[in-house]
Amino acid sequence: MTVIENENTLKHKPGWITGALVGIMLTAPLIVVFYLGEQLAGLPFVPFDIFDWMGRVTPGAIITFVIDTMVDMLTALNFGDELSSTAKTAENLMGLSTTLGIGIVAGALLFFLLNRAKQANPYLFGGAMGAGIGVILILIFNRVNLTATADPTLSMAWIFLTFTIWGVAYGWIYSDLSAIGASKAEDASANAQQLDRRQFLVRLGGATATLTVLGAGLNLVLRGGEDTTTTATTIASLTEGSEIEGVIEPSPDTIGEEAGIPDDLPNAGDAVEPAPGTRPEYTPLDNHYRIDISSRPPIIDAASWTLAISGLVGNPKSYTLNELVEDYQPVDRFVTMQCISNRLGGSLISTTRWTGIKLQDLIEEWDIQPEATHLRISSADGFDEYLSLETIREDERIMIAYAWDGRPLKRKHGFPIRIHVPDLYGMKQPKWITDIEAVDSWEEGYWVRRGWSATAVINMTSVVDTVATDAIIEEDGEMFVPIGGIAFTGAKGVSKVEVQVDEGEWQEAELRTPLSDTSWYIWRYNWQFEEGNHTFRVRTFDADGGMQTGTERGTRPDGATGWHSIDRNVEAV
């Protein structure tokens, strides 16, 4: 008889599937609550902390697989030109989905355990579960959070209390659903008056959906009030000999303001014009690619930030941003930077004007000890990389940069400072730099520890951006189609670019004068029109005559290689 009673009791309790459904209903508004806390009080947004922590502890091979899969999907969906920004959005969605998944698993597991526990108090059980998850997430917060501006103690209390209440809510709903089941079992004739489980869940779902939508709407209102104007303080005005007033702040993101190309580019009068459809020679700042190791860039207090110099130096120093800008001769350089995970013909490559200080000038002040061989450069986001002192002393172009496009760096692009090292992929060039330590040996940096290249020297690349069939040129009775794109060899220079149509002879293209010796080249080839389906292929040669390899290779671990080609159906108009 006891067994039958236990079976009947278990039968009328809500199961783990119901618990999973409740998990969705409780976790969706929880995410909105965390976002409101961030917007209103600078409290941590836990979903992104969870995702960032997973990125830190997941083996590099798995991270690479996930990245490659995501890039494949985005490329298939034609997000090529906005790959980095779309990928960042996808990462954020993954953080939200992971948090929702935790809520689903927690609900299913809690309901399953409560069904099998004797005399268990659902409120205490749920509260303990929430508190336990809260403690784990506090540990994660302390390790990876980069954006919370609230007091850390308040942030930790917020996480703990919010998740504890969330857990208690699971227990309350379980208790109510169990009571409904027991009541129906005792008096089936009261069905018309009883609120059954389905009705309860529908009403609960409606309530949580309403809270979620209202919270999301409030978030949009709060975000809509953010400043999107361009800062009036440019680096140029700060370096004209006038005193710097106040603290230099990061340039805010702008909306539709930076779509053009500056009129004063050094090659503005060059005879070779880019073929119509070639990517912009100078990348608008908000279109510059960015690949980070965190869901969102760190928030750095410009007033308290310093660059700390330590290690094997006789003169440890600490610089403020204003000191770096005001006390040293600025240098400007047009720089093309490329991500090592950029595929053939990909968009993870951009060009802008960098302003900063020669690293050679800075290291002279530090009294570096003879046994020092490298600098260990660390960033606010937990990134680190090593740079040879020999390389610094041989290349005066290496700079500590504090401005892009004549204005302080944007937060998303590395404010307050980042480094530029010619001829290396972006994985070797830290942003949000906080510390530089002189050390006596090289060690593996952040991405090297995860299986990427130890040297990360840029491979020669060239891309067919356009076959401009809508801009056909007529010369001496012949029709020509402008073909164009980019060629980049890092700091090795470009001597020529050649184009092949189908399996024909390689033909030399025209080269536009580059913006600098560390920027890409724009090439153009006017191809004699021939109707039909054609394959257009390109290759480049460095300044010493070395040819770009035609061997196709993927991005991991040393960067992609091969000759880029596109197929086009060319028809008479």
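- The CD1 atom of I133 lies 9.0 Å from the CD1 atom of I50; values are rounded to the nearest 0.5 Å.
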Full working for salt bridge (charged side-chain N to carboxylate O under 4.0 Å, His left out) between E91 and R296
CA-CA 10 Å; E91 288 179 5; R296 290 182 294 181; over 6 Å; no

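- Checked by atom type, the side-chain pair Y174/N115 shows a donor-acceptor distance below 3.5 Å.
- The minimum heavy-atom distance linking W452 with P557 is given by the pair CE3-O, 3.5 Å.
- Proximity of a side-chain donor or acceptor of T164 to a complementary backbone N or O of F160 within less than 3.5 Å is detected.
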As a quick check of understanding, evaluate side chain to side chain contact (heavy atoms under 4.5 Å, CB included) for L307 and I433, giving each step before the final call.
CA-CA 7 Å; L307 172 63; I433 298 173; 3.8 Å; yes

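- Between the CD atom in E385 and the CG atom in L375 there is a gap of 11.5 Å [rounded to 0.5 Å].
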Hey, mind stepping through R411 and T147 against side chain to side chain contact (heavy atoms under 4.5 Å, CB included) and telling me if it holds?
CA-CA 11 Å; R411 176 184 159 214; T147 57; 3.5 Å; yes

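- Each of T336, T283, T518 was compared with T351 under the side chain to side chain donor-acceptor pair (under 3.5 Å) criterion, and only T336 meets it.
- Using a distance-only test at 3.5 Å, with no hydrogens or angles considered, no donor-acceptor pair links the side chain of E249 to the main chain of A302.
- Among D52, I31, I102, L93, the single residue meeting the side chain to side chain contact (heavy atoms under 4.5 Å, CB included) criterion with P47 is I31.
- Across all their heavy atoms, S155 and F141 have their closest contact at CB-CZ, 3.5 Å.
- Using a 4.5 Å heavy-atom cutoff, the side chains of P44 and M156 are not in contact.
- Between the side chain of Q429 and the backbone N or O of L424 there is at least one donor-acceptor pair closer than 3.5 Å.
- With contacts defined as side-chain heavy-atom distances shorter than 4.5 Å, the pair Q338/L348 does not qualify.
- By the side chain to side chain contact (heavy atoms under 4.5 Å, CB included) test, A308 pairs with D435, sequence neighbours left out.
- One finds the CD1 atom of I398 at 12.0 Å from the CG atom of L362 (value rounded to the nearest 0.5 Å).
- Pairs passing the ring-ring contact (aromatic ring centres under 6.0 Å, His included) check and including a residue from residues 406-437, sequence neighbours excluded, read H288-H413, W354-H420, W404-H413.
- In this structure, CD1 in I349 is found 16.0 Å from CZ in R343, a value given to the nearest 0.5 Å.
- When only modelled atom types and interatomic distance are considered, Y319 and E365 share a side-chain donor-acceptor pair under 3.5 Å.
- Between the side chain of Y402 and the main chain of L321, no donor-acceptor pair closer than 3.5 Å is present.
- Residues Q39 and Y35 are in side-chain contact: their nearest non-hydrogen atoms beyond the backbone lie under 4.5 Å apart.
- The closest side-chain heavy-atom distance from P430 to Y446 is not below 4.5 Å.
- In this structure, F48 has its ring center at least 6.0 angstrom away from the ring center of F51.
- One finds no salt bridge joining K358 and E364 here, because no Lys/Arg side-chain nitrogen approaches an Asp/Glu carboxylate oxygen to under 4.0 Å.
- No close placement of the F34 and F45 rings is indicated, their centers lying 6.0 Å or farther apart.
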Check the pair I377, Y386 against side chain to side chain contact (heavy atoms under 4.5 Å, CB included), reporting the backbone distance first and the verdict last.
CA-CA 6 Å; I377 304 170; Y386 289 78; over 6 Å; no

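- Inter-residue side-chain proximity for I357 and M399 is flagged as unmet; no heavy-atom pair is nearer than 4.5 Å.
- Classification of R449 and D384 as a salt-bridged pair holds, one side-chain N sitting under 4.0 Å from a carboxylate O.
- D405 places no side-chain N or O within donor-acceptor distance of the main-chain N or O of R353, the cut-off being under 3.5 Å.
- The distance from the OG atom of S341 to the CE atom of M427 is 10.0 Å, given to the nearest 0.5 Å.
- S453 and V448 get closest at one heavy-atom pair: O-CG2, 3.3 Å.
- The environment of CD in E390 is sparse: at most 12 heavy-atom neighbours from other residues, nucleotides or ligands sit within 6.0 Å.
- Here the side chains of R397 and R333 are in contact, with some heavy-atom distance below 4.5 Å.
- Summarising the geometry, atom CD1 belonging to I136 is positioned 12.5 Å from atom CD1 belonging to I159; distances are rounded to the nearest 0.5 Å.
- Side-chain contact between Y123 and S175 is present, with at least one heavy-atom pair separated by less than 4.5 Å.
- Taking both residues in full, the closest heavy atoms of G37 and W158 are given as CA-CZ2, 4.2 Å, listed atom of the first, atom of the second, then distance.
- Applying the salt bridge (charged side-chain N to carboxylate O under 4.0 Å, His left out) test to residues at least two apart or on different chains, none of the pairs has a partner in residues 126-143.
- Here the closest non-hydrogen pair linking S350 and Y289 is OG-N, 3.1 Å.
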Any chance you could lay out the side chain to side chain contact (heavy atoms under 4.5 Å, CB included) test for L359 and I363, step after step, and finish with the verdict?
CA-CA 6 Å; L359 189 50; I363 65 174; 4.2 Å; yes

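- Proximity of a side-chain donor or acceptor of D367 to a complementary backbone N or O of P316 within less than 3.5 Å is not detected.
- Counting only heavy atoms from C-beta outward, the side chains of V144 and R56 approach each other to under 4.5 Å.
- T320 contributes no side-chain N or O that, together with a main-chain N or O of T306, makes up a donor-acceptor pair within less than 3.5 Å.
- In this structure a side-chain-to-backbone donor-acceptor pair under 3.5 Å is present from Q360 to I392.
- Side-chain atoms of D395 never come within 3.5 Å of backbone atoms of T391 as a donor-acceptor pair (strictly under, hydrogens ignored).
- Residues N92 and T89 bring no donor and acceptor atom of their side chains to less than 3.5 Å of each other.
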One pair to check against side-chain hydrogen bond (donor to acceptor under 3.5 Å, both in side chains): R376 and S378. What are the steps and the verdict?
CA-CA 6 Å; R376 181 179 186 268; S378 302; 2.9 Å; yes

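- Across all their heavy atoms, S318 and E323 have their closest contact at O-OE1, 3.8 Å.
- Of the possible polar contacts, one joining the T373 side chain to the S441 backbone as a donor-acceptor pair under 3.5 Å is found.
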